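Since the structure comes first, as structure tokens, the remarks are kept for the end.
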Number of protein chains: 2
Amino acid sequence: MDKIDLQILQILQKKARIPNVEVARTIGMAPSAVLERIKKLEASGVIQGYEVRLNADMFHRAMVAFIEITVSDPVDFPEIGDALAAIDQVQEVHYLAGQDCLMIKLRVKDNRELESLLLTRINNIQAVSSTRTRIALSTFKESAKIAIDITS
Amino acid sequence: MDKIDLQILQILQKKARIPNVEVARTIGMAPSAVLERIKKLEASGVIQGYEVRLNADMFHRAMVAFIEITVSDPVDFPEIGDALAAIDQVQEVHYLAGQDCLMIKLRVKDNRELESLLLTRINNIQAVSSTRTRIALSTFKESAKIAIDITS
DNA sequence: TATGAAAGACCTAGACT
DNA sequence: AGTCTAGGTCTTTCATA
């Protein structure tokens, strides 16, 4: 990965769904060269995919919550992690260091749906011993972007 | 937003950087009609953007952490939220209900960078009274996807 | 690895339904 | 809102440097 690759990624991070030639023009290269580089970045796993960012409010997912889920037996983490990951409303599942717990981020319609998930999909998992829910009232920033420093 | 729009969004959520005609073929419509719909979805704010998902490990951002930041004076939230959002390594900033605190998600290279951020960018903010850091050891799921139910 | 050429695919505006 | 058409643009492979 050289500076040109970083430039390409920086452009795609701003707007992934643009023509190849536009990327090529921006960095002053032939489209075929840019295509080859992007393909290599995809093949090597640097680029993991291209996503649309949708407005959650318009899909009954206005409410963001984080839940810390404490588990009685750490051996069960993989199964529980997968079970939580399988819930549509759950966007993230992380295994946290030092406290025998998982952190999940989810988006639901409202309190009612949150309660329902807690009761029927989370607290009813055998090994789950407790949960601690934090609800977000507003969001200042939410992005998967990684700052790319070309000079490095 | 009708079922056709939902179908289009479902396709774009799988892979945003695909030709318009391919979307059109998949749902059995003329490309121009699909183009028009996508433009409307963009204009109305349903589609907020198109992102590349990069492999964080390859950009010195292997470590994920969540920090709860307690603030002495709730009046200061907007400024602190913006200050935190301005940090490159910070991917999310949420204002939490009920505990006078902010939740941030960040990606850093290692413990050293995390410590440096805590000392020089977070704890040195006047109104910040305490922080509670949780480090993710592994991640089961991490996505901004919203499940789209076509039948609805 | 880059360019340039060329064939084929795609985009998109506009006429029309 | 959709289809169809058509010119212009973009993609992608390949020969070449």
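Chain naming here is simple, since letters A, B, ... match the order of the sequence lines and numbering starts at 1 in each. Note that the structure is a prediction, hence the values are computed from the model and not measured.
Atom CG of D110(A) sits about 10.0 Å away from atom CD of E115(A), to the nearest 0.5 Å.
A nucleotide of DNA chain D counts as in contact with chain A when one of its atoms lies under 4.0 Å from a heavy atom; the first and last such, 5' to 3', are dC10(D) to dT13(D).
Counting only distance, with no hydrogens or angles, the side chain of N111(B) and the backbone of L114(B) share no donor-acceptor pair below 3.5 Å.
A salt bridge links E142(A) with R107(A); the closest basic N to acidic carboxylate O contact falls under 4.0 Å. Ion pairing between a basic and an acidic side chain is recognised when a charged N comes within 4.0 Å of a carboxylate O; E68(A) and R134(B) show such pairing. Contact check on E92(B) versus K141(A) returns no salt bridge, with no Lys/Arg side-chain nitrogen under 4.0 Å from an Asp/Glu carboxylate oxygen. In this structure, R61(B) does not pair ionically with D88(B), as no charged nitrogen and carboxylate oxygen lie closer than 4.0 Å.
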For each nucleotide in nucleotides 3-14 of chain C, reading 5' to 3', give B when a protein heavy atom comes within less than 4.0 Å of its base, S when such contact involves only the sugar-phosphate, and - otherwise. BB-----SSBB-
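A side-chain N or O of E113(A) and one of Q89(A) form a donor-acceptor pair less than 3.5 Å apart.
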